Amino acid sequence: MRISEGEEEITAYLSGDIDHHSARDMRESIDAIVQMKKPSLLRLDFSGVKFMDSSGIGLIMGRYRLMALYGGIVRVVNVPDELERMMNLSGLSSLDIIERRGVKLETAK
Amino acid sequence: MKLQNEMNLSFESRSSNEAFARCAVAAFLTQLDPTISELNDIKTAVSEAVTNCVVHAYKDTIGKVYINVKIEENSLIVIKIRDTGCGIENIKKAMEPLFTTAPSDERAGLGFAVMESFTDKLSVRSKIGKGTTVTFQKRLSRRVGNG
């Protein structure tokens with residue numbers, strides 16, 4: 001996982017498999033930098049994710065809550081088609097924080 | 001149903017084995033030439049069930065997880081994932097979407113909902129202090145050249 005920082009925003013490029021085991025490290029890395037920088041926007045970029053079980057949903061919900069503490073928001077971007085069913089099942093779509101792959105996004109500086 | 005092939009697997013309930021378990025099951029099933037989406041569904045369901053063993057069944061300890069995969073007639077796959085851990089007090093409650101007893105571990109409470117959604121049939125049997133067996137079935141689409 002790679003994390004890039006801008007002035008007000010942080011983008012975490014998640015990659016590989018997200019399961020209960022790997023989510024722990026991802027969570028710790030993201031939270032460490034979020035707590036230090038307190039950005040107004042945290043982007044979770046899923047373009048490199050090959051597999052995800054419901055631990056990925058836990059990861060998003062947890063970061064959503066953390067960002068809310070600082071008055072910031074989370075955007076989930078570049079979600080591969082294969083993960084869409086999991087995203088829909090989770091009810092996260094009602095939070096309107098998910099953007100599908102193909103949607104043009106400005107990249108973090 | 002006529003059994004066409006079978007495999008058994010047992011391993012310790014360490015979180016590092018979650019990936020091993022789903023990949024091992026997927027590797028066994030490649031002989032059926034499943035679609036990527038079918039394989040992904042099964043891997044997801046296996047991952048949820050094994051994670052339940054790691055997080056809940058053997059909460060503060062390490063125990064054995066047993067997986068049995070049967071390939072039956074017409075590409076019907078039956079997967080049993082069994083533990084001898086703490087058991088589930090209220091299966092109905094445990095299966096409710098968003099219900100979790102491990103919020104601190106950021107469990108979304110979606111394990112059973114995902115297993116249900118990603119397979120054709122799911123059943124859960126559990127006894128307190130004895131363990132839990134989760135069984136799910138999925139029939140693969142019949143593909144040209146596949147028997």
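These numbers were taken from a predicted model, which means no experiment stands behind them. Chain letters run A, B, ... following the sequence lines, proteins first and then strands; every chain starts at 1. What's counted below: heavy atoms across the whole structure, side chains too, no hydrogens, waters or symmetry copies.
Side-chain heavy atoms closer than 4.5 Å link hydrophobic residues (I, L, V, M, F, W, Y) into clusters, and following such links, even through other members, never connects Leu98(B) to Val55(B). Under the 4.5 Å side-chain heavy-atom criterion for Ile, Leu, Val, Met, Phe, Trp and Tyr, Phe51(A) and Met1(A) are members of distinct hydrophobic clusters. By the criterion of side-chain heavy atoms lying less than 4.5 angstrom apart, applied directly or through intervening Ile, Leu, Val, Met, Phe, Trp or Tyr residues, Leu42(A) is grouped together with Ile98(A) in one hydrophobic cluster. Using a 4.5 Å cut-off between side-chain heavy atoms of Ile, Leu, Val, Met, Phe, Trp and Tyr, with links allowed through other members, Ile57(A) and Met67(A) fall into the same hydrophobic cluster. By the criterion of side-chain heavy atoms lying less than 4.5 angstrom apart, applied directly or through intervening Ile, Leu, Val, Met, Phe, Trp or Tyr residues, Leu59(A) is grouped together with Met61(A) in one hydrophobic cluster.
Along residues 108-115 of chain B, the residues that come nearer than 4.5 angstrom to chain A, judged on non-hydrogen atoms, are Ala108(B), Leu110(B), Gly111(B), Ala113(B), Val114(B) in order of number.
Residues forming a side chain to side chain donor-acceptor pair (under 3.5 Å) with Glu8(A) (at least two apart in sequence, or on another chain): Ser40(A).
For a residue to count as touching a neighbouring chain, one of its non-hydrogen atoms must lie under 4.5 Å from one of that chain's; by this rule Met52(A) touches chain B with the backbone only. Residue Val50(B): no heavy atom, backbone or side chain, is found under 4.5 Å from chain A.
Under a 4.5 Å side-chain heavy-atom cut-off, the cluster of Ile, Leu, Val, Met, Phe, Trp and Tyr residues that includes Ile128(B) has no other member.
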At a 3.5 Å cut-off, give me the donor-acceptor pairs between chain A and chain B, one pair per line with the distance.
unit_1	atom_1	unit_2	atom_2	d
Asp17(A)	OD2	Arg22(B)	NH2	2.9
Asp19(A)	OD2	Arg22(B)	NH1	2.9
Asp19(A)	OD2	Arg22(B)	NH2	3.1
His20(A)	ND1	Glu18(B)	OE2	2.5
His20(A)	NE2	Asp105(B)	OD2	3.2
His21(A)	N	Glu18(B)	OE1	3.0
His21(A)	ND1	Ser15(B)	OG	2.6
His21(A)	ND1	Ser16(B)	N	3.4
Arg27(A)	NH1	Asp105(B)	O	3.4
Asp53(A)	OD2	Ser47(B)	OG	2.7
Ser54(A)	N	Glu48(B)	OE2	2.6
Ser54(A)	OG	Glu48(B)	OE1	2.7
Ser54(A)	OG	Glu48(B)	OE2	3.1
Ser55(A)	OG	Arg107(B)	NH1	3.1
Arg63(A)	NH1	Glu106(B)	OE1	3.1
Arg63(A)	NH2	Glu106(B)	OE2	2.8
Arg85(A)	NH1	Asp41(B)	OD1	3.2
Arg85(A)	NH1	Asp41(B)	OD2	3.4
Arg85(A)	NH2	Ser117(B)	O	2.9

